[in-house]
Amino acid sequence: MTSYYVRACLPFDFVSRMKDEGIDPVKRLGEELKEKCSAEIRNNCYTFGLYIAEAESEEDCRAKFSAAWDKLYPQEREKPVFLIAKNDGSDGAELMRSVFAGYYGADEYLQLTVELYNCIPLLAKAGALAALRSRSYVFVVDPGCGFTTLLSSFGDFLHRMHVYGENDEKRTYYTEYRIGRETGGGYTTPADLISAISDAEEIEKTNILGIDLGYFLEGGKFDELRAFAQRLGKYGDDYVYVFRVPYLEKKALDDIVSVLSDVMLVRTVKVPPLHDIVLFEHMWYELYTMGYDFSQSVSEQFFERVRREKQDGRFYGFKTVTKIVCGMILEKAAHDSALLAAGGDPDEKKLGPADLGAVEMKKERSGYEELEELIGMETVSKRIREIVAQVKLSMSSEKLDRPCLHMRFTGAPGTGKTTVARIIGKIFKEEGILRKGAFLEYSARSLCAEYVGQTAVRTASICRDAYGSVLFIDEAYALYEGNRYNNDYGREALTTLISEMENHRDDMLVIMAGYTDDMETLMEGNAGLRSRMPFVIHFPNYSREQLFQIYMLMVRKHFSYTPDLEEAARDFFDSVPEAMLGSRDFANGRYVRNLYERTWSRASLRAALDGAAGVSLTGADLRSAAADPEFSEMPEKTVRVGFSKN
């Protein structure tokens, strides 16, 4: 019998379900295989397991692992990837063990190392390592998803496999370059890079040159890329080139690889956009290495912070996760220090909701309760109840087709569209319509990426995050307007979005929001979009009385106030002219919130100057705040709003 290292790379969606159910699939698989091949678990992670097992051959080992999986999970269509390397006690075997023990989310890279581990000894024996050194690689990986880490790993791998022979010890593992129009600020021009590698002495050379090709993707500089690749080819035996491009749709990626393949041998290695479970795995790893444990509620808060980080379209993968984790640890330290000062006894190595400012002191309200508390939403609330009743009836009847869940919210800014969309996610989860009920908010522009071919991938990734939840797209009509982001990029986003809406019509609720006329233009300009968004909810501008009620609700929630404040508030909102209330640019609830925040800002300044211990809002504070131009003038027109002299 031969000993093998086996890495089981588990399907991510499967792992997510198992985590939610409290099942450890790595442990279960190890227990199933213990008697059949003396399997021992060396690393038990969420997305993969590393085992040592005994078998007659690699094929026999793979067969035993596959059979054990099928026995445990016969209903699962997606199977694990089993990566196998012989454990013969050699330096190479130890190298593969270290590679198998890390790098979650990069299965294709790991498969590449297995292939090279098996091939390099044969090439060395034949004196043909130059053939391997002549091959370049395209790593398809988004920023923050591990490119530099993989470069370092690959450089170390080539070094320890002696790909450069006796010159190995003189070479660094890798050097990374970003191509730009000018050299400086972290960028290097194509010409300066060629000059640098052509002038390098042997002692300065590196195993791998990592080169970011983003510069050539802007405007499709394919002729310039081809010329650059031709010049790099002269030094092909001195370096292994690893080019980075972002994760693109197939045709765009094929175009780039085709240009490079004209002049060099190329292997593509894809690292898909990071799945939520991979982000969770990295959070767990970061906390574990710093000696922390965490409760289930903390993982929920982690995902909420990830969703917030993604909203502007600038999410940097593992780097962002590390930032979130460090923030969580610092919050815990601050909470623990305050608790110790008060004579408490914190659990210094376990993160809980209290450590992150999420102490739940009151009973969780239902979605319907939150909806009924909103001011001026009677008609909206009635419509939502009708939609829920219709969907639930279709779910309970085999004769009725389940309608598309997707909705259009129309109305001016500040009318509660975002708030209601968040509550709908909660209601739909409570009613069993959506699995998760989470709320993901993006602007239309956030769906569009930097390069043609990248937008489809970004939009699909955003939709994947929203499966089982609500995807709220504000100002959705911007995808169909005539600026840079809304020509090829906007159409690419819409095409992908429509496909996702159809394919996941029962497991994702897309809500597009915007002005009524702009949303109608969007529907008219995109065939099939209207029929996929059957539910329309209109949010009218608030009345004067509703604006007053919203203002006083905000005040009562956080401050004490003098009797004259309420009278001053009513006088102010009664003075708002009809033209402002009906204006397209009137901010409604945002207008009220800005006035409220300006009021307590003036009150806090007054209290500080008076040396008062607390802050109580007064009518004078409101009148001072309301005198500012943004509250006393009509948008784009000078129409005075305020108080009479009487």
Side-chain angles (χ1 to χ4, degrees), residues 99 102-103 105-106 108-110 112-113 116 133-161 163-164 167-168 170-218 221 224-225 228-229 231-248 253 256-257 260 264 266-271 274 282 314 316-322 450-451 454:
V99 171
Y103 310 110
E108 283 197 17
Y109 169 73
L110 296 173
L112 171 65
T113 61
L116 294 179
R133 294 195 295 267
S134 72
R135 184 167 69 180
S136 299
Y137 300 85
V138 175
F139 279 21
V140 186
V141 52
D142 285 333
C145 294
F147 177 61
T148 301
T149 299
L150 295 181
L151 272 186
S152 175
S153 171
F154 200 29
D156 176 58
F157 182 88
L158 296 182
H159 169 75
R160 293 171 68 177
M161 293 298 292
V163 169
Y164 284 92
N167 293 324
D168 270 347
K170 300 179 181 180
R171 305 171 71 92
T172 56
Y173 289 174
Y174 77 98
T175 305
E176 188 174 353
Y177 292 92
R178 297 180 65 190
I179 302 299
R181 292 181 180 83
E182 298 179 357
T183 295
Y187 291 88
T188 304
T189 66
D192 285 347
L193 175 55
I194 296 295
S195 177
I197 63 176
S198 65
D199 294 341
E201 298 292 335
E202 186 65 33
I203 198 171
E204 298 173 333
K205 290 181 179 176
T206 181
N207 289 350
I208 291 177
L209 283 182
I211 304 174
D212 190 314
L213 296 183
Y215 164 78
F216 297 102
L217 303 186
E218 298 175 1
K221 303 182 181 74
E224 191 174 346
L225 174 60
F228 177 60
R231 298 184 68 188
L232 288 176
K234 292 175 58 178
Y235 311 99
D237 193 53
D238 292 330
Y239 306 96
V240 172
Y241 300 119
V242 178
F243 303 105
R244 189 199 79 85
V245 298
Y247 208 86
L248 305 170
L253 176 61
I256 296 165
V257 173
L260 294 172
M264 57 179 60
V266 175
R267 166 78 176 267
T268 301
V269 177
K270 297 179 182 178
V271 180
L274 301 180
H282 189 61
R314 297 178 180 88
Y316 302 107
F318 295 126
K319 294 178 181 178
T320 301
V321 171
T322 299
E450 298 176 78
Y451 317 116
Q454 191 181 8

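Below, all heavy atoms of this structure are taken into account, side chains as well, without hydrogens, waters or symmetry copies.
- Separation of atoms OG1 (T175) and CG (N207) is listed at 9.0 Å; rounding is to 0.5 Å.
- Looking at residues two or more places apart in sequence or on another chain, you find a ring-ring contact (aromatic ring centres under 6.0 Å, His included) between Y137 and F154.
- Sorted by first and then second residue, the pairs that involve residues 135-158 and meet salt bridge (charged side-chain N to carboxylate O under 4.0 Å, His left out), not counting sequence neighbours, are E115-R135, D156-R160.
- A donor-acceptor pair under 3.5 Å is absent between the side-chain atoms of R133 and the main chain of Y164, judged by distance alone.
- I208 and G155 make their closest contact through CD1-N, 3.3 Å (heavy atoms, listed as atom of the first residue, atom of the second, distance).
- Rounded to the nearest 0.5 Å, atoms CD (E176) and CG (L151) are 5.5 Å apart.
- T322 contributes a side-chain N or O that, together with a main-chain N or O of F318, makes up a donor-acceptor pair within less than 3.5 Å.
- Across all their heavy atoms, A191 and R231 have their closest contact at CA-NH1, 4.3 Å.
- Between Y247 and C145, every side-chain heavy-atom pair lies at or beyond the 4.5 Å cut-off.
- Annotation: ring-ring contact (aromatic ring centres under 6.0 Å, His included) contacts of F216 (sequence neighbours excluded): F228.
- T148 has its side chain within reach of Y174: a pair of non-hydrogen atoms, C-beta onward, lies under 4.5 Å apart.
- Atom OH of Y187 sits about 12.0 Å away from atom CD of E182, to the nearest 0.5 Å.
- The nearest pair of heavy atoms linking K270 to E108 is N-OE1, 2.9 Å.
- The closest donor-acceptor contact from the side chain of K221 to the backbone of Y215 lies under 3.5 Å.
- Distance alone, capped at 3.5 Å, places no donor-acceptor pair between the Y103 side chain and the Y109 backbone.
- Between the CG atom of D192 and the CD1 atom of I179 there is a distance of 9.0 Å, given to the nearest 0.5 Å.
- L116 contributes atom CG, which lies 8.0 Å from atom CE of M161 (distance to the nearest 0.5 angstrom).
- In this structure, the side chain to side chain contact (heavy atoms under 4.5 Å, CB included) partners of V266, at least two apart in sequence or on a different chain, are V138, V257, L260, S261, M264.
- Contact between V140 and P246 at its shortest, heavy atoms only, is CG1-O, 3.5 Å.
- Residue I211 holds its CD1 atom at 10.5 Å from OH of Y239, rounded to the nearest 0.5 Å.
- Contact check for V271 versus L150: side-chain heavy atoms found under the 4.5 Å cut-off.
- For the pair G180 and P190, the tightest heavy-atom approach, listed with the atom from each and the gap, is O-CD, 3.9 Å.
- Between the side chain of S152 and the backbone N or O of T149 there is no donor-acceptor pair closer than 3.5 Å.
- Checked by atom type and distance alone, the side chain of T189 never pairs as donor or acceptor with a backbone atom of T183 at under 3.5 Å.
- Checked against side chain to side chain contact (heavy atoms under 4.5 Å, CB included), S195 has the following partners two or more places apart in sequence or in another chain: D199.
- Across all non-hydrogen atoms, the minimal contact from L248 to I256 is CD1-CD1, 3.5 Å.
- Residues that satisfy the side chain to side chain contact (heavy atoms under 4.5 Å, CB included) test with K234, not counting sequence neighbours, are absent from this structure.
- S136 places none of its side-chain heavy atoms less than 4.5 Å from the side chain of L232.
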